Colleague: 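Got a structure for you, written out below as structure tokens; questions coming shortly.
Computed from a prediction, not measured in an experiment: that's the story for all the values here. Quick note on labels: first sequence line is chain A, next is B, and so on, each numbered from 1.
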Protein chains: 2
Amino acid sequence: MYLKIDFNSDEAIYMQLRNQIIYSIATSEIQEGDNLPSVRDLADNIGINMHTVNKAYTILKQEGYLKLDRRKGAVIAIDMNKMQAMEEMREELRVTLAKAFCKNISCKEAHDIVDEIFKEFERR
Amino acid sequence: MYLKIDFNSDEAIYMQLRNQIIYSIATSEIQEGDNLPSVRDLADNIGINMHTVNKAYTILKQEGYLKLDRRKGAVIAIDMNKMQAMEEMREELRVTLAKAFCKNISCKEAHDIVDEIFKEFERR
DNA sequence: TATTTGTTATACTGTTTATATAACAAATAT
DNA sequence: ATATTTGTTATATAAACAGTATAACAAATA
């Protein structure tokens, strides 16, 4: 799995990790049942602290993407609460699309980008 | 203009302000040329500190939604950098839609919500 | 002349982020 | 059996951020 941390970003490292792991699941680079590296291995690998990785894993667990097991380690396990996910998506889109609309981006242009991104997920 | 701050939210107050002002522009509740309340008035009105409002206004200025003038106050003025806005939208959508895809939300369902939100902006 | 604007400066508190050690319990490998 | 590897938990520390509190300035207005 490819992970790249931007240490100059204003986005927290553990959030960059979280987002990239979710993206990797969406593109099927990793999938249900797969193991993630141990918190120590990944931390050493990237060059960050163990607790920063642990924070990302803990959030992914809370959000329903991971199960953490002392014997098996961190395993991808999607908790399928679609209704909740829809509501969260709606709230995020409200902000994203309000910005877009103010900047003269049309509904069609938004749709086109949605399609492009979904193609990133669906090509196998 | 209707502004509601959730003091228990994990989202910073100045970001809640920023997002709601952008949303108000998108729905044409406020528009190009309109004045926002002075930083002191709005702060008193909501019951927060002047600098928190000032931070929201400063960000809105940097992002191209406001002009700040010592004589006229804060005035809505959209800086139309559409290309930049498109790229920012694409990056935000990548995270939002990756989450959605993992939770089995289809491309069509995403499109439907985009349409619903755009209707919030376009009905007059 | 007094008030109102955005703006800037300083100071303080509390929270968050990231790091650093350390230890524990359960499982695995040697 | 022993050592190692898991996630997990507990402290501690430094830096950055969020929010508040005063205060003052320059330009414009009442």
Side-chain angles (χ1 to χ4, degrees), chain A residues 1 3-21 30 33-79 95, chain B residues 1 3-22 30 32-79 95:
Chain A
M1 180 177 44
L3 295 173
K4 188 160 192 72
I5 299 303
D6 176 4
F7 291 95
N8 297 320
S9 171
D10 49 346
E11 189 174 36
I13 295 174
Y14 76 94
M15 282 300 285
Q16 294 184 46
L17 272 180
R18 183 201 81 136
N19 290 341
Q20 290 183 40
I21 290 170
I30 47 176
D34 282 357
N35 274 265
L36 290 184
S38 80
V39 288
R40 290 171 178 83
D41 277 357
L42 184 52
D44 285 355
N45 208 304
I46 299 176
I48 59 176
N49 191 275
M50 187 203 81
H51 292 100
T52 307
V53 177
N54 191 253
K55 197 167 181 178
Y57 281 13
T58 302
I59 288 181
L60 285 166
K61 178 186 174 184
Q62 287 171 348
E63 295 180 335
Y65 295 94
L66 272 189
K67 276 187 181 165
L68 299 176
D69 192 315
R70 213 187 306 254
R71 42 190 186 280
K72 296 177 195 163
V75 180
I76 304 294
I78 309 292
D79 176 48
V95 178
Chain B
M1 182 178 43
L3 295 174
K4 187 158 193 72
I5 299 303
D6 176 4
F7 291 96
N8 297 319
S9 171
D10 50 347
E11 190 175 36
I13 294 173
Y14 75 95
M15 283 300 287
Q16 293 184 47
L17 271 179
R18 182 201 81 138
N19 290 341
Q20 290 184 41
I21 290 170
I22 291 176
I30 47 175
E32 188 88 16
D34 283 357
N35 274 264
L36 290 184
S38 80
V39 288
R40 290 170 177 83
D41 278 357
L42 184 51
D44 286 354
N45 208 304
I46 300 176
I48 58 176
N49 191 275
M50 186 202 82
H51 292 100
T52 306
V53 177
N54 191 252
K55 197 168 181 178
Y57 282 12
T58 302
I59 287 182
L60 285 166
K61 179 186 175 185
Q62 287 171 348
E63 295 180 335
Y65 296 94
L66 272 189
K67 277 186 181 165
L68 299 175
D69 193 314
R70 214 187 306 254
R71 42 190 186 280
K72 295 176 194 163
V75 180
I76 304 293
I78 310 291
D79 177 47
V95 179

Colleague: Give A/Y14 one of three labels, base, sugar-phosphate or nothing, depending on what nucleic acid heavy atoms sit under 4.0 Å from its own.
Modeller: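 Contact class for A/Y14: sugar-phosphate only.
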Colleague: Can you find an N or O donor on one side and an acceptor on the other, under 3.5 Å apart, linking the side chain of B/H51 with the base of C/dT7?
Modeller: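 Flag unset: no donor-acceptor pair detected.
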Colleague: Considering Watson-Crick and G-U wobble pairs with both distances under 3.5 Å, what does D/dA30 pair with?
Modeller: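 Pair assignment: D/dA30 / C/dT1.
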Colleague: Write down the partner of D/dT5 under the Watson-Crick or G-U wobble criteria, each distance required to be under 3.5 Å.
Modeller: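 Because both required distances fall under 3.5 Å, D/dT5 counts as paired with C/dA26.
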Colleague: Mind checking A/K61 for me? I need base, sugar-phosphate or nothing, with any heavy atom below 4.0 Å counting as a touch.
Modeller: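 Sugar-phosphate contact only - A/K61 comes under 4.0 Å of backbone atoms but never of a base.
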Colleague: Using side-chain heavy atoms (C-beta onward) and a distance below 4.5 Å, is B/F7 in contact with B/I13?
Modeller: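 Side chain of B/F7 against side chain of B/I13, heavy atoms only: contact under 4.5 Å found.
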Colleague: Which residue lies toward the 5' end of DNA chain D, B/M15 or A/P37, if each is placed at its nearest nucleotide?
Modeller: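 Comparing both residues, the 5'-ward one is A/P37.
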Colleague: Counting only side-chain heavy atoms from C-beta out, which of C/dA18, C/dT7, C/dT5 sits nearest to A/A12?
Modeller: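 So the side chain of A/A12 is nearest to C/dA18.
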Colleague: Report yes if some heavy atom in the side chain of A/N19 is under 4.5 Å from a heavy atom in the side chain of A/E11; otherwise report no.
Modeller: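 A/N19 reaches A/E11 side chain to side chain.
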Colleague: Heavy atoms from C-beta onward define the side chain here; which of C/dT19, C/dT8, D/dT6 lies closest to that of B/M50?
Modeller: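 Minimum distance to the B/M50 side chain belongs to C/dT8.
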Colleague: Which heavy-atom pair separates A/A74 from A/L68 by the least distance, and what is that distance?
Modeller: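 Answer, listing the atom of A/A74 first, then A/L68: CB-CD2, 3.5 Å.
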Colleague: Please tell me which of A/I13 and A/R40 maps to the more 5' nucleotide of DNA chain C, matching each residue to the nucleotide holding its nearest heavy atom.
Modeller: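 Its nearest nucleotide being more 5', the pick is A/I13.
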Colleague: Nearest to the side chain of B/V39 - D/dT20, C/dG6, D/dG7?
Modeller: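 Selected nucleotide: C/dG6.
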